[in-house]
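See structure below.
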Amino acid sequence: MSAALQMTAFGLALLSTLFLLLATCTDCWMVNADDSLEVSHKCRGLWRECVTNMQDGVRTCDQYDSILADHPVKIVVTRTLLIAADLLAGLALATLLLGLDCVKFLTEEPRVKLKMCYGAGVILSIGSILGLVGSVWYAVDIYVERAVLVAHNIFLGVHYDFGWSCWLGMAGSTGCFVASVLLTCCLY
């Protein structure tokens with residue numbers, strides 16, 4: 001039972017870490033949500049803004065000036081939290097891999113391996129909380145920005161909605177949290 005639970009937690013942690021990494025690197029955190037006859041699809045991400053022409057599929061991206069330049073708070077906070085979540089999830093994944101019963105490392109010390117799995121669960125939980133806070137922070141900021149514009153009857157031509165990168169960050173963080181619960185609460 002313990003080995004099956006460890007493998008389930010490892011598989012979920014691996015998939016969720018990949019989701020977090022993809023969410024951090026991809027550029028579709030916000031998408032245009034207009035129902036008008038747009039000829040382009042606009043995405044804004046943490047690192048750049050891209051426009052795809054719907055007629056011929058040509059995609060052009062504009063990199064943000066600099067990582068250190070003045071950016072909106074939502075971009076800076078989300079970048080920081082997701083990079084920290086990525087690093088912690090990677091560390092937890094490496095620790096968990098060494099703590100698995102099926103790995104021939106410290107085979108004569110089962111208590112140490114169990115503590116490694118438990119420690120990986122704690123690290124995963126911290127990383128998942130950081131990733132979830134970053135993703136939800138960004139999503140709430142998008143919602144508040146749109147609600148303020150609608151409340152003041154301001155139409156700027158484009159309204160943005162949550163993009164698939166935002167959902168991927170939330171899914172990856174939630175998966176890491178479930179894996180941490182499996183490792184910390186259910187393993188003993």
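Being a predicted model, the structure only gives us computed values, none of them experimental.
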Distance, nearest 0.5 Å, that separates CE of Met170 from OG of Ser135: 6.0 Å

Remaining members of hydrophobic cluster (4.5 Å side-chain criterion), Trp164: Leu15, Phe19, Leu22, Leu168

Quick check: closest heavy atoms across Asp62 and Arg48, and the distance to 0.1 Å? O-CB, 3.2 Å

Thr17: partners by side-chain contact (heavy atoms from CB on, under 4.5 Å), with sequence neighbours left out: Leu21, Ala89, Leu93, Cys176

Can you give me the closest heavy-atom contact between Gln6 and Cys117, atom names plus distance? NE2-SG, 3.6 Å

With sequence neighbours excluded, tell me which residues meet side chain to side chain donor-acceptor pair (under 3.5 Å) with Ser173. none

Where is the tightest heavy-atom contact between Leu130 and Ala84, given as atom of each residue plus distance? CD1-CB, 3.9 Å

Among the clusters formed by ILVMFWY side chains lying less than 4.5 Å apart, do Ile129 and Leu91 turn up in the same one? yes

Can you list, by chain and residue number, the hydrophobic cluster partners of Val58 when the side-chain cut-off is 4.5 Å? none

Enter the distance from Leu14:CG to Met7:CE here, rounded to the nearest 0.5 Å. 10.0 Å

Pair Cys28, Cys43 - check disulfide (SG to SG under 2.5 Å), show working. CA-CA 5 Å; Cys28 206; Cys43 282; 2.3 Å; yes

Closest approach of Ala139 and Cys166, non-hydrogen atoms and distance? CB-SG, 3.8 Å

Taking a hydrophobic cluster as the set of Ile, Leu, Val, Met, Phe, Trp and Tyr residues connected by side-chain heavy atoms closer than 4.5 Å, whether directly or through intermediates, do Val31 and Val51 fall within one such cluster? no

Distance in Å, Arg44 CZ paired with Lys74 NZ, rounded so as to fall on 0.5 Å steps: 7.0 Å

Distance, nearest 0.5 Å, that separates CE of Met30 from NZ of Lys42: 11.5 Å

Would you please name every residue forming a side chain to side chain donor-acceptor pair (under 3.5 Å) with Thr26, sequence neighbours left out? Ser165

Any residue meeting side-chain contact (heavy atoms from CB on, under 4.5 Å) with Leu46, in chain and number order, not counting sequence neighbours: Trp29, Thr78, Arg79, Leu82, Tyr138

Would you mind listing every side-chain hydrogen bond (donor to acceptor under 3.5 Å, both in side chains) that reaches into residues 88-97, with sequence neighbours excluded? none

Stepwise side chain to side chain contact (heavy atoms under 4.5 Å, CB included) check, Leu100 with Leu96: CA-CA 6 Å; Leu100 292 175; Leu96 178 58; 4.2 Å; yes

Same apolar cluster (I L V M F W Y, side chains within < 4.5 Å links), Leu18/Leu20: no

Could you work out, with side-chain contact (heavy atoms from CB on, under 4.5 Å) as the rule, every residue matching Phe177, not counting sequence neighbours? Ser128, Ser180, Val181

So, using side chain to side chain donor-acceptor pair (under 3.5 Å) as the criterion, who are the partners of Thr24 when residues are at least two apart? Asp86

Thr8 meets the side-chain contact (heavy atoms from CB on, under 4.5 Å) criterion, sequence neighbours left out, with Leu182

What's the separation between atom CG in Leu183 and atom OH in Tyr118, rounded to the nearest 0.5 Å? 10.5 Å

For the atom pair CG (Leu81) and CG (Leu132), what is the distance rounded to the nearest 0.5 Å? 10.5 Å

Residues in disulfide (SG to SG under 2.5 Å) contact with Cys25, at least two apart in sequence or another chain: none

Between Ala179 and Leu124 the two heavy atoms that sit nearest each other are CB-CD1, 3.9 Å

My understanding is that only residues two or more places apart in sequence, or in another chain, count here; which of them pass salt bridge (charged side-chain N to carboxylate O under 4.0 Å, His left out) with Lys113? none

Residue pair Trp47 / Asp27, side-chain heavy-atom distance below 4.5 Å: no

